[in-house]
Each structure stands twice: as structure tokens, then as C-alpha cells.
Amino acid sequence: MNRAVFLDRDGTMIAEKNYLSRPEDVEIFPATPAGLKRLAGAGFKLFIVSNQSGVGRGYFSLADVERVNEHLCRELARDGIRFEKIYIAPEKPGDPSRGRKPSPQFLFDARDEFGLDLAQSYMVGDKLIDLECGWNAGVKQSILVRTGYGADVERAAAEQIKRAIVVNDLAEMAEWILSSLQH
């Protein structure tokens with residue numbers, strides 16, 4: 001049985017920069033390497049699922065997104081962290097999109113390609129659409145981090161996020177997932 005953790009990128013793993021397009025502007029949260037390393041060590045496959053509407057809006061190119069992702073992956077690889085795959089939805093809101101969150105399509109794609117059990121997997125992000133993506137895919141739990149927009153979402157959408165687990169950062173997220181496995 002393959003379990004996975006699907007992670008939003010901006011505001012979840014790295015600082016939210018409003019249409020981040022340059023590798024040199026990537027700011028990895030201190031809790032990111034520690035949390036992801038623990039999950040990988042426990043056998044979870046890691047994926048990034050990211051809406052990048054800046055491409056659809058014409059602010060930057062898909063190549064810019066790829067350069068940012070390559071930089072992020074290189075930095076995290078120093079801690080022994082690797083992602084199975086990165087899924088990007090470049091469309092802007094309102095445009096037809098196969099995978100733009102809250103669509104669960106990329107999680108279904110990962111399930112089919114990597115033989116994942118979504119019912120034993122998790123979706124983590126800092127926005128309601130991240131949580132909804134996980135719920136739409138039938139993951140075991142959607143987890144909201146208070147980084148990025150997370151703290152605002154927690155206040156503004158308290159009723160909508162009742163089913164979610166709320167944690168401070170990715171280290172706390174990893175701790176919660178691993179301790180929940182022991183019960």
C-alpha cells in the first residue's frame with residue numbers, strides 16, 4: 001500500500017511571495033525540511049500540487065515555474081527529500097482546467113501512476129481550495145497549515161474547515177500524521 005502526502009507549494013512549503021517566478025526569491029520555511037524528511041523516512045511518497053495562475057495571467061512563463069521548482073527540489077534534496085512528481089495547473093481562475101485545485105484530478109493521476117491509496121494519503125495546504133482538493137479526492141485527511149494564508153483561512157472559514165486538521169507548520173503536520181498512524 002503506497003501512502004502519499006500531497007503538498008501545496010506557495011504558503012505551505014515556502015513563503016508566499018505573490019506570483020513567485022524567480023528561484024532567488026524562494027524562501028523555504030524552517031519547518032519544511034524537517035517535516036518532509038520525517039514523512040519520507042516513514043515511507044510516504046511526496047508530491048507537490050500547485051495552482052500557478054501567474055502563467056495563465058501572463059505574469060511569468062511555465063519555464064519560470066519549472067526553474068523555481070527545480071531550485072526548491074535541489075535545496076530540499078540536500079536533506080534527502082525528493083518528490084515523486086510535481087503537478088502544476090497554469091490556468092487562471094475561471095479558465096477551463098483539468099487539474100486546478102479544488103479539482104482532485106492531479107491526485108487521481110498520481111494514484112493511477114504511482115499505485116497510491118488515497119484513503120491512506122493526505123493533502124496539505126494553506127487555502128480552502130487545498131483542503132477541498134483533498135476532500136474531493138477522498139484522502140484520509142486534509143490538513144491546513146497556519147503559514148501563508150492558513151491563519152486567515154482558519155479565522156475566516158472556521159465552519160468550512162471543521163473537518164480539517166489545523167497545524168502551525170509542516171513539522172507539526174508530520175508529527176500529527178505519524179502520531180495518528182500509531183492509534
Side-chain angles (χ1 to χ4, degrees), residues 1-16 26-52 65-66 68-89 99 101-148 150 153 161 163-183:
M1 168 189 60
N2 283 319
R3 300 179 301 203
V5 177
F6 297 93
L7 298 129
D8 170 56
R9 190 189 78 182
D10 303 338
T12 300
M13 298 176 15
I14 62 177
E16 174 63 54
V26 170
E27 191 183 316
I28 299 171
F29 289 131
T32 296
L36 297 183
K37 194 171 182 169
R38 288 194 63 199
L39 292 172
F44 281 92
K45 293 186 181 304
L46 303 175
F47 296 86
I48 298 174
V49 181
S50 184
N51 289 352
Q52 290 294 324
V65 174
E66 285 165 11
V68 167
N69 287 339
E70 285 164 10
H71 173 75
L72 176 63
C73 289
R74 248 191 331 273
E75 291 299 306
L76 292 173
R78 294 177 184 179
D79 290 297
I81 296 159
R82 66 178 280 276
F83 296 95
E84 301 295 324
K85 193 163 183 173
I86 299 174
Y87 295 93
I88 301 297
K101 293 177 288 185
S103 166
Q105 189 58 55
F106 288 149
L107 278 62
F108 294 153
D109 292 350
R111 173 198 64 200
D112 297 344
E113 185 176 344
F114 295 91
L116 304 175
D117 182 352
L118 292 178
Q120 297 302 315
S121 298
Y122 301 85
M123 178 71 210
V124 184
D126 69 320
K127 293 182 179 165
L128 188 56
I129 55 170
D130 299 319
L131 303 177
E132 290 169 341
C133 172
W135 292 327
N136 292 339
V139 297
K140 185 171 187 175
Q141 187 60 260
S142 284
I143 301 173
L144 180 75
V145 286
R146 290 186 178 108
T147 50
V153 170
I161 66 165
R163 298 177 9 216
I165 297 299
V166 182
V167 296
N168 287 317
D169 55 29
L170 292 184
E172 208 173 281
M173 174 272 304
E175 180 62 38
W176 185 88
I177 288 175
L178 296 175
S179 66
S180 75
L181 296 178
Q182 269 125 47
H183 298 108

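Here, residue 1 is the first one in the sequence, and each next residue gets the next number.
- I143 has its side chain within reach of W176: a pair of non-hydrogen atoms, C-beta onward, lies under 4.5 Å apart.
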request  = Go through the steps for I161 and L128 under the test side chain to side chain contact (heavy atoms under 4.5 Å, CB included), then give the verdict.
outcome  = CA-CA 7 Å; I161 66 165; L128 188 56; 3.8 Å; yes
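- Note that the CG atom of N2 and the CG atom of D117 stand 9.0 Å from one another [nearest 0.5 Å].
- A heavy-atom distance below 4.5 Å is found between the side chains of R38 and E175.
- Applying the side chain to side chain contact (heavy atoms under 4.5 Å, CB included) test between M13 and each of L72, I28, D8 identifies L72 as the sole match.
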Full working for side chain to side chain contact (heavy atoms under 4.5 Å, CB included) between V65 and R9 = CA-CA 11 Å; V65 174; R9 190 189 78 182; 4.1 Å; yes
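- For an aromatic pair to be called close, the ring centres must be under 6.0 Å apart, and F47 with F114 satisfies this.
- Of the listed residues (E132, K127, M123), just one forms a side chain to side chain contact (heavy atoms under 4.5 Å, CB included) with K101, and that residue is M123.
- Contact annotation: the side chain of D109 approaches that of Y87 to within less than 4.5 Å [non-hydrogen atoms, C-beta and beyond].
- Under the 4.5 Å side-chain criterion, counting only non-hydrogen atoms from C-beta, F44 is in contact with I177.
- Note: Q120 CD to Q141 CD = 12.0 Å, rounded to the nearest 0.5 Å.
- By the 4.0 Å N-to-carboxylate-O rule, E84 lies close enough to R82 to be salt-bridged with it.
- Distance NE2/H71 to CG/L76: 9.0 Å, rounded to 0.5 Å.
- Scanning both residues, P33 and D79, for their nearest heavy atoms gives CB-OD2, 3.4 Å.
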key: Full working for side chain to side chain contact (heavy atoms under 4.5 Å, CB included) between C133 and L107   = CA-CA 8 Å; C133 172; L107 278 62; 3.6 Å; yes
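- The nearest pair of heavy atoms linking A89 to G99 is CB-C, 4.0 Å.
- Taking CD1 from I81 and CG from L36, the interatomic distance works out to 5.0 Å, rounded to the nearest 0.5 Å.
- In plain terms, the two heavy atoms of G125 and D130 that are nearest each other are CA-OD2, 3.4 Å.
- To the nearest 0.5 Å, atom NZ of residue K140 and atom OG of residue S180 are 5.0 Å apart.
- The closest side-chain heavy-atom distance from M173 to L7 is below 4.5 Å.
- Taken from CZ in R3 to CG in L46, the straight-line distance is 12.0 Å, to the nearest 0.5 Å.
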request  = Apply the test side chain to side chain contact (heavy atoms under 4.5 Å, CB included) to residues K45 and L116: give CA-CA distance (whole Å), side-chain angles for both, the deciding distance (0.1 Å), then the verdict.
outcome  = CA-CA 9 Å; K45 293 186 181 304; L116 304 175; 3.8 Å; yes
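- Pairing each heavy atom of F6 with each of S121, the nearest pair is CE1-CB, 4.2 Å.
- Put simply, the side chain of V145 reaches to within 4.5 Å of the side chain of V167, judged on heavy atoms.
- Counting heavy atoms from C-beta outward, C73 and I86 have side chains that approach closer than 4.5 Å.
- Closest approach of D126 and L144 over heavy atoms only: C-CD1, 3.6 Å.
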